[in-house]
Protein chains: 2
Amino acid sequence: MYEPLTEQKAIALAVRLGLFDADALLSCQEIGDGNLNLVFRIVNERTNDSIIIKQALPYAKVVGESWPLTLKRATIESQALRTFASYASQYVPKVYYSDETLAITVMEDLSHLQIARRGLIEGKTFPKLSEHIGEFVAKTAFYTSDFGMNQQQKKKLAQQFTNPELCKITEDLVFTDPFFDHDTNNFEAELRADVKQLWQDDELKREVAKLKRLFLTKADVLLHGDLHTGSIFASDDDTKVIDPEFAFYGPIGFDLGNFFANLLLNALARHESECEPLFTHIEKTWDVFVRTFTTCWQESNEPYARVSFVLDDIMNDALVEAIGFAGCEVIRRTIGLAHVADLDELPLEQRLEAKRHALRLGRELIVHRHNLRVDDFKRLVEQTAHVNS
Amino acid sequence: MYEPLTEQKAIALAVRLGLFDADALLSCQEIGDGNLNLVFRIVNERTNDSIIIKQALPYAKVVGESWPLTLKRATIESQALRTFASYASQYVPKVYYSDETLAITVMEDLSHLQIARRGLIEGKTFPKLSEHIGEFVAKTAFYTSDFGMNQQQKKKLAQQFTNPELCKITEDLVFTDPFFDHDTNNFEAELRADVKQLWQDDELKREVAKLKRLFLTKADVLLHGDLHTGSIFASDDDTKVIDPEFAFYGPIGFDLGNFFANLLLNALARHESECEPLFTHIEKTWDVFVRTFTTCWQESNEPYARVSFVLDDIMNDALVEAIGFAGCEVIRRTIGLAHVADLDELPLEQRLEAKRHALRLGRELIVHRHNLRVDDFKRLVEQTAHVNS
């Protein structure tokens with residue numbers, strides 16, 4: 001029977017699992033934001049050893065609304081973390097235990113790291129971030145794809161990661177609602193004219209329809225599914241990807257696109273002179289991704305992996321997808337239901353300017369994705385800084 | 001417990017299911033080819049009413065080889081027939097009963113119709129064939145796609161139709177083995193030079209790799225998965241699609257491509273002056289498919305179904321895919337493991353000519369699929385009739 005844990009029950013579970021020494025002096029604090037999950041941090045006061053117990057709640061609260069949300073997402077999350085760990089263990093928290101009925105994942109405590117979004121807002125650089133994320137995405141993508149895994153086993157893994165409820169959130173909030181006059185949208189009244197123009201932009205919507213269709217149909221690799229900078233813990237040396245409850249088999253460029261978009265959103269909130277590290281991160285992520293994927297490619301048992309240009313075609317597809325998905329993420333984080341602190345914490349006038357910039361940038365990324373290269377981001381951000389530029 | 005039926009047990013099952021009158025005088029004959037399935041035809045000698053009991057065997061025999069093959073395919077087959085029936089009931093046999101453990105499907109007897117391949121070889125025209133197949137493919141594709149079905153329900157249906165074992169047969173025998181020097185290939189010694197040229201054709205193989213990747217990853221619509229003219233019963237008035245044990249969620253153009261290819265293979269076995277009805281069938285299938293899909297489209301709840309050119313883009317993708325998949329099917333039926341009687345029953349000299357023609361045609365379809373229209377098939381067949389034409 002599912003029941004929400006209390007701090008006492010969380011401690012009792014930690015003891016029962018034998019995760020601390022017998023003489024440990026355990027304290028527990030619930031540190032979640034209460035919107036989707038309970039997050040208990042349990043510390044041995046004698047040694048400072050600690051763990052996290054994360055429990056899914058049977059509902060989601062966003063902007064005051066509450067709706068039911070499947071507990072199955074906890075199982076998806078723990079299975080995704082374990083699958084990712086088998087290919088790129090250094091970039092995910094260790095999972096010690098999971099319980100499907102209680103919707104619980106017990107895992108490594110990463111409190112010594114900082115959420116990357118918050119650090120980037122504070123002006124931190126996280127010099128290893130792009131190298132790590134490029135390697136993480138390349139390895140998890142390759143080894144869960146038809147090129148890095150037995151193709152029959154892959155189909156069974158895709159079946160296991162069927163995730164309709166969480167995918168629906170993305171289908172609605174990323175690909176659909178922001179492009180129509182839908183009541184989940186949330187933007188400043190001053191932006192209404194810009195947003196109305198976007199809703200009438202049939203050229204843009206035709207391209208978003210293609211990207212949504214890719215998201216709905218292309219069961220290519222096991223994705224994190226929500227790889228924004230708020231799903232990444234980082235320091236100068238370490239990077240850990242968390243919260244893969246949106247994991248499912250989808251298009252190879254989706255996670256990269258989300259990550260790029262959230263770096264771009266941070267750039268839009270900065271002075272022009274301070275954006276270089278973000279563009280460098282995007283380019284380096286892509287370079288490391290391609291380099292790592294290419295190294296893995298040599299191990300492929302797929303006969304077509306030895307045919308000229310097949311790898312180039314896949315890398316090219318991945319980039320086109322990533323740019324298009326980045327455009328969707330930039331737009332939905334600007335006018336859709338779920339925003340980013342990078343923009344929302346700006347004072348009104350600067351925020352409005354940054355958001356108008358974001359809408360123009362997002363559109364260009366989507367519409368011109370087939371003709372852009374990874375080193376065009378900087379130029380494109382500059383070009384879209386003002387209307388008709 | 002699974003056990004193969006005998007004729008007596010088949011009759012006993014029919015009686016137990018109450019499918020005949022109480023005073024029926026039942027006779028039973030096993031009419032399958034014994035390679036994959038047992039097929040019992042049970043007739044009430046008093047009324048001539050009849051049914052079919054089809055039972056999967058736990059192995060497949062092809063060209064003397066025998067390998068184990070999942071019994072789950074019987075469940076896939078009966079579930080696919082039932083799913084297709086809910087959208088296009090007039091084009092599939094009625095299913096009266098199925099038993100997962102015994103791998104049995106009890107269904108309508110279609111012995112009054114003829115297998116379309118055999119009829120086409122005999123020179124029959126089947127005037128309704130293209131209209132019916134166009135409508136069948138359009139309706140089953142639309143209503144199982146993200147445009148005709150609740151998108152969450154579609155994911156669960158795709159999960160249910162996960163079919164790794166049967167998909168592997170297609171992945172190997174259609175997309176891979178014929179394009180490499182693999183021991184499953186089977187062709188006349190006289191063709192070796194032509195086949196070797198094909199194996200060295202990296203431009204072709206790069207394109208086949210893309211088509212194979214679509215087959216492996218694009219979970220678009222519920223497909224029959226093996227829609228050649230041997231999977232269709234027909235008469236002048238009726239058309240029934242049978243044997244969907246390869247059913248799975250795949251790219252929308254795959255079934256159309258297989259159907260087109262098998263009409264083309266029949267054309268290659270005919271005198272030039274007798275091919276017109278086959279080209280007409282291909283064009284009409286496509287026209288009816290587009291017309292029917294477009295009518296269904298009006299019912300879609302997907303907001304992007306109301307955006308300009310979204311339907312055109314999907315229809316264009318479907319045609320490009322269909323042409324490419326047709327090319328793969330033409331080639332694999334010529335030099336791969338499983339041939340077609342249309343070509344194999346020709347006398348040697350004519351057969352060799354037709355098969356060389358098939359290899360040239362298949363290549364053109366694959367490599368130029370993005371620039372072909374459905375009324376180009378006739379021209380292309382003529383152009384590839386001779387080398388360097």
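Proteins get letters first, then strands, A, B, ... in listed order; numbering begins at 1 in each.
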Applying side chain to side chain contact (heavy atoms under 4.5 Å, CB included) to A:Q151 and B:D172, what does each step give before you reach the verdict?
CA-CA 11 Å; A:Q151 296 172 349; B:D172 290 348; 5.8 Å; no

I'd like to know whether B:I314 forms a side chain to side chain contact (heavy atoms under 4.5 Å, CB included) with A:R213, so could you lay out the CA-CA distance, the side-chain angles of the two residues, the decisive distance to 0.1 Å, and finally the verdict.
CA-CA 10 Å; B:I314 292 174; A:R213 192 156 179 250; 3.7 Å; yes

If you count the non-hydrogen atoms of other residues, nucleotides and ligands that lie under 6.0 Å from CD in B:E299, is the total more than 12?
yes

Before you tell me yes or no, could you show the steps for B:F180 and A:V307 under side chain to side chain contact (heavy atoms under 4.5 Å, CB included), namely the whole-Å CA-CA distance, both residues' side-chain angles and the distance that decides it to 0.1 Å?
CA-CA 11 Å; B:F180 295 85; A:V307 173; 4.2 Å; yes

The interface call for A:E302 against chain B, heavy-atom contacts under 4.5 Å, is side chain

Close side-chain approach of A:R306 and B:K205, heavy atoms under 4.5 Å
no

One option among A:L216, A:T162, A:V208, A:T176 has the most heavy-atom pairs under 4.5 Å with chain B, and it is A:L216

Full working for side chain to side chain contact (heavy atoms under 4.5 Å, CB included) between B:K168 and A:N150
CA-CA 11 Å; B:K168 178 166 171 56; A:N150 173 292; over 6 Å; no

For A:K156 versus B:P164, what's the shortest heavy-atom pair and its separation?
CE-CG, 3.9 Å

How long is the span from the CZ atom in A:F175 to the OH atom in B:Y304, to the nearest 0.5 Å?
8.5 Å

So for B:D202, is it side chain, backbone, both, or neither that comes closer than 4.5 Å to the heavy atoms of chain A?
both

Lys/Arg-Asp/Glu bridge criterion (N-O < 4.0 Å) met for A:D317, B:K210
no

Heavy-atom pairs under 4.5 Å with chain A: which of B:E207, B:E203, B:K212, B:K218 has the most?
B:K212

Looking at B:T217 and A:K154, what are the two nearest heavy atoms and their distance?
CG2-NZ, 3.9 Å

Give, as side chain, backbone, both or neither, the part of B:D220 having an atom under 4.5 angstrom from any heavy atom of chain A.
both

Sort A:I252 into side chain, backbone, both or neither according to what part of it lies under 4.5 angstrom from a heavy atom of chain B.
side chain

Shortest non-hydrogen contact between A:K155 and B:C167, atoms and distance
CE-CB, 3.8 Å

For B:Q153, is it the side chain, the backbone, both or neither that has a heavy atom under 4.5 Å from a heavy atom of chain A?
neither

Working to the nearest 0.5 angstrom, can you tell me the gap between B:D146 CG and A:E171 CD?
7.0 Å

